[in-house]
Amino acid sequence: MGLKSFVDVSADSHFPLENIPFGVFRPKTAGGDDHSLVVETPRPGVAIGDFVLDLSVISSAGLFDGPFLKKSQCFNQPSLNLFLEMGRPTWKEARATIQKLLSADEPSLRDNLSLRKKSLLPMNDVEMLLPVVIGDYTDFFCSMYHTKNCGLIFRGPEDPILPNWFHLPVAYHGRASSVVISGTKITRPRGQGHPIGSSPPYFGPTKKLDFELEMAAIVGPGNKLGKNIDINEAYDHIFGLVLLNDWSARDIQAWEYVPLGPFLGKSFGTTISPWIVTLEALEPFACDPPKQVRIKPAGQEQASVITKSNFKHLYWTITQQLAHHTINGCNLRSGDLLGTGTISGPEQDSLGCLLEITWNGKNKLSLNGSSQTFLEDGDEVIITGCCEGGDYKIGFGTCAGKVLPAITENQ
Ligand SMILES: O=C(O)/C=C/C(=O)CC(=O)CC(=O)O
Ligand SMILES: [Ca+2]
Ligand SMILES: [Mg+2]
């Protein structure tokens, strides 16, 4: 039997009492459509079933009474950075307090109607925001299947996996300013595309817009410049995980990335899911967290599942990635985002991007009767993921984004 909350949680919910993922939200006004949003202060919350528990209200009511959180202002902030900086003992205290407050047999919140009304808001009545201020974003390259397929497509059959790959987790520095929250629309980027045959490079809207199915670690306490984080301590520097879509323009990327790596082909937008699932919640599922990606094509009502992958396909672990990131003395800071890299599995139906699924546009993808290769304007990519196994799920919610047409010359 799973844990029982006084808040109704359906059996297939991503957010049972065992999960308690952290995010940042602001309430919408009654009426609720986008035009009637009152700009309320963003504040931290956790998800429980279809509700959000406002941690600023719980904190102001004096219900965080443990030694680390009693006097802290970390839940009266517009981001989770301060809370993340405080480290694992504080995170565990927060989780224990929240799980107790929300449990079916604990009266302090359950029987306090006015506090319940103030602190428990239906998810539909809130707007989710970026949970942390992201100072830096790094993206690793850690699925062997993805690495091999990219090597075959971009570099040919000789040595598709380069010799360094098995010795260290390869990565590139991404662009933090264009990391956006699920639901944000993504404008098709323009740029210089790889020459086709003997023609010169072309300029215009990308013809090869792609998604990348990834997860990302959110850094807790950082390290000082010049000091590394040992692999045995790396776990305590990771607060939790989110879903991530590293949108990629394959024609721009293929032309620009030699020899310094991805630049404008990836810096036009990266989407993350709003709820950070803690490593504590994930612990019982150390293996086998399955994931799915769907595409809802422009003009269609239904989304089609196009791939299902699994976190276990990563060759390098998130603690190895974090330790490697600091091995030269590079400093990480609370809120930094470390993408795992595209999570492709060995089978055709577990590939993590359209570059691989369509083999660079050679094969068509069939979606509810229509067919295409790369993403079209109006397409929506919806990534979801959860851990399954026991009598509850630990879910990540969704990481979604819809493609808008490219800007034109006079915009
Ligand atoms: O192999 C290449 O040239 C390019 C690979 C990628 O674009 C993948 C990347 O962003 C890292 C990853 O997601 O695994
Ligand atoms: Ca990537
Ligand atoms: Mg990106």
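Computed from a predicted structure; not experimentally measured.
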Ser344 side-chain N/O to Gly352 backbone N/O, donor-acceptor pair under 3.5 Å: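 Present.
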Does Asn19 use its side chain to pair, donor to acceptor, with the backbone of Gly395 at less than 3.5 Å?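 Judged by distance alone, yes, a pair lies under 3.5 Å.
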Taking all heavy atoms of Ile218 and all of Gly335, pick out the closest pair and write down the distance. CG2-CA, 4.3 Å
In sequence, state the C-alpha distance, the side-chain angles, and the governing distance for Asp251 and Thr206, and then conclude on side chain to side chain donor-acceptor pair (under 3.5 Å). CA-CA 7 Å; Asp251 44 358; Thr206 175; 2.5 Å; yes
Taking side chain as C-beta onward, heavy atoms only, is Ser182 less than 4.5 Å from Met128? no
Answer yes or no: is there a side-chain heavy-atom contact under 4.5 Å between Asn310 and Ser350? no
With sequence neighbours excluded, residues passing salt bridge (charged side-chain N to carboxylate O under 4.0 Å, His left out) with Glu356: none
Test salt bridge (charged side-chain N to carboxylate O under 4.0 Å, His left out) applied to Asp12 - qualifying residues, sequence neighbours left out: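 Testing Asp12 for salt bridge (charged side-chain N to carboxylate O under 4.0 Å, His left out), a comparison that skips the adjacent residues, returns none.
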Looking at [Y] and [X], is there a salt bridge between them, counting it only when a charged N and a carboxylate O are closer than 4.0 Å?
| X | Y | answer |
| --- | --- | --- |
| Glu127 | Lys28 | no |
| Arg188 | Asp377 | yes |
| Glu280 | Arg88 | yes |
| Glu212 | Arg250 | yes |
| Lys402 | Asp379 | no |
| Lys266 | Asp246 | yes |

So CG of Leu332 and OG1 of Thr138: to nearest 0.5 Å the spacing works out to 7.5 Å
Checking Gln302 against Asn368: is there a side-chain donor and acceptor pair closer than 3.5 Å? no
On the ring face of Phe25, is Arg43 found with NZ or CZ under 6.0 Å from the centre and within 45° of the axis? yes
Quick check with a 6.0 Å cut-off and a 45 degree axis cone: is Lys207 positioned over the face of Tyr202's six-membered ring? yes
Please confirm whether the ring centroid of Phe75 lies under 6.0 Å from the ring centroid of Phe64. yes
Checking Thr373 now: which residues fulfil side-chain hydrogen bond (donor to acceptor under 3.5 Å, both in side chains) with it, not counting sequence neighbours? none
Surrounding CD of Gln348 (heavy atoms of other residues, nucleotides or ligands, distance under 6.0 Å), is the total greater than 12? yes
Taking everything shown except Asp230 itself, do over 12 heavy atoms lie less than 6.0 Å from its CG?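 Yes - once you tally the heavy atoms of other residues, nucleotides and ligands closer than 6.0 Å, there are more than 12.
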Matching residue for Arg333 among Asp136, Asn81, Val219, Ile134 - test: side-chain contact (heavy atoms from CB on, under 4.5 Å):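 When side-chain contact (heavy atoms from CB on, under 4.5 Å) is applied between Arg333 and each of Asp136, Asn81, Val219, Ile134, only Asp136 qualifies.
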Identify which one of Ile186, Thr184, Ile181 satisfies the side-chain contact (heavy atoms from CB on, under 4.5 Å) criterion when paired with Thr271. Ile186
